[in-house]
Amino acid sequence: MYIAHTIAELREHLGAYRHPAFVPTMGNLHDGHIALLTRARTLGDVSVVSIFVNRLQFAPNEDFDSYPRTWQADCTRLREAGCDVLFAPKEPELYPEPQTFAVQPPSELADILEGHFRPGFFTGVCTVVMKLFACVQPRVAVFGKKDYQQLMIIRRMVSQFALPIEMVAGETERATDGLALSSRNAYLSAPERAEAVHLSQALQRIAQAVRSGHPDLAAVEAEQMQALAARGWAPDYLTARRQHDLQPLTAGDAAVVLGAARLGTTRLIDNLELRQQPA
Ligand code: PAF
């Protein structure tokens with residue numbers, strides 16, 4: 001595996017390839033990331049993973065400083081999984097001067113759900129992804145469905161800026177009890193880890209209500225929020241939305257049920273995609 005710490009090294013190395021397939025990450029890699037890499041390896045003539053903890057997508061009260069940085073373990077996992085190129089710029093390489101230009105996604109996509117609870121988050125994500133795309137110049141980019149709203153917004157960004165990149169979505173990888181794999185799961189204590197599956201179970205109950213055509217989904221969502229709160233969670237949202245723009249669901253829309261909730265000091269997110277409902 002070739003490791004590039006600078007944009008110049010990366011560009012020189014990638015000059016020999018025509019079809020880079022790219023997986024951007026913030027490190028602390030788990031099986032979900034490795035599944036995205038495995039997919040990427042089938043889609044390009046060279047696989048590129050980036051590890052960069054992007055300050056721009058963390059609010060001042062969030063976990064930028066404590067975000068798990070596991071460089072040696074990440075390198076080992078990537079080597080074992082057959083990654084060709086790891087791009088790991090230090091902050092001054094990617095942001096040599098304050099990054100005052102930004103990619104501002106539209107409010108109707110970026111200020112709802114995650115963006116409502118994490119103002120500015122998607123501006124930080126879009127800005128770094130645009131910059132990483134400029135560095136790697138991938139032909140294919142693989143993003144996980146676990147960050148469903150991020151995937152939707154980046155798809156729109158690629159389309160609106162006519163970037164010559166095929167966007168591929170990887171399924172969410174789950175632990176055997178159903179918990180979606182996430183770098184932030186590392187923060188959970190043993191009792192919290194045992195409790196954590198209740199987020200995906202709450203989403204399952206809302207998904208079941210959608211499937212069965214429940215007449216009052218808002219009531220089901222509220223009930224599931226209360227049930228999580230009663231177990232000691234602080235839920236931000238649990239809601240069924242339409243897949244393509246995450247706006248409220250209307251009959252016949254393909255639905256996705258999304259949720260975010262804090263367990264102790266750890267904020268977890270998850271979602272379940274449903275097949276198209278009959279109109
Ligand atoms: O999903 C992530 O890990 C990050 O948001 C990303 C896409 C690597 C941008 O920093």
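Both counts, for ligands and for their atoms, begin at 1 and track the order of listing. Position 1 is the first residue of the sequence, and the numbers go up from there.
Atoms of ligand 1 found under 4.0 Å from any heavy atom of Thr25 (numbered from 1 in listed order, with element): 8 (C). Proximity to Val128 (heavy-atom distance under 4.0 Å) selects the following atoms of ligand 1: 9 (C), 10 (O). Per-residue contacts place Gln150 under 4.0 angstrom from the following atoms of ligand 1 (heavy atoms of the residue considered): 1 (O), 2 (C), 4 (C), 5 (O), 7 (C).
If you check the side chains of Gln208 and Arg211, you find a donor sitting under 3.5 Å from an acceptor. Of the N and O atoms on the side chains of Tyr148 and Glu273, at least one donor lies less than 3.5 Å from an acceptor on the other residue.
With Gln137 contributing its side chain and Arg11 its backbone, the two residues share no donor-acceptor pair below 3.5 Å. Under the 3.5 Å distance criterion, the side-chain polar atoms of Arg77 are left unmatched by any main-chain donor or acceptor of Asn28.
When the heavy-atom distances from atom 9 (C) of ligand 1 to Lys146, Lys131, Gln57, Met26 are ranked, the shortest goes to Gln57.
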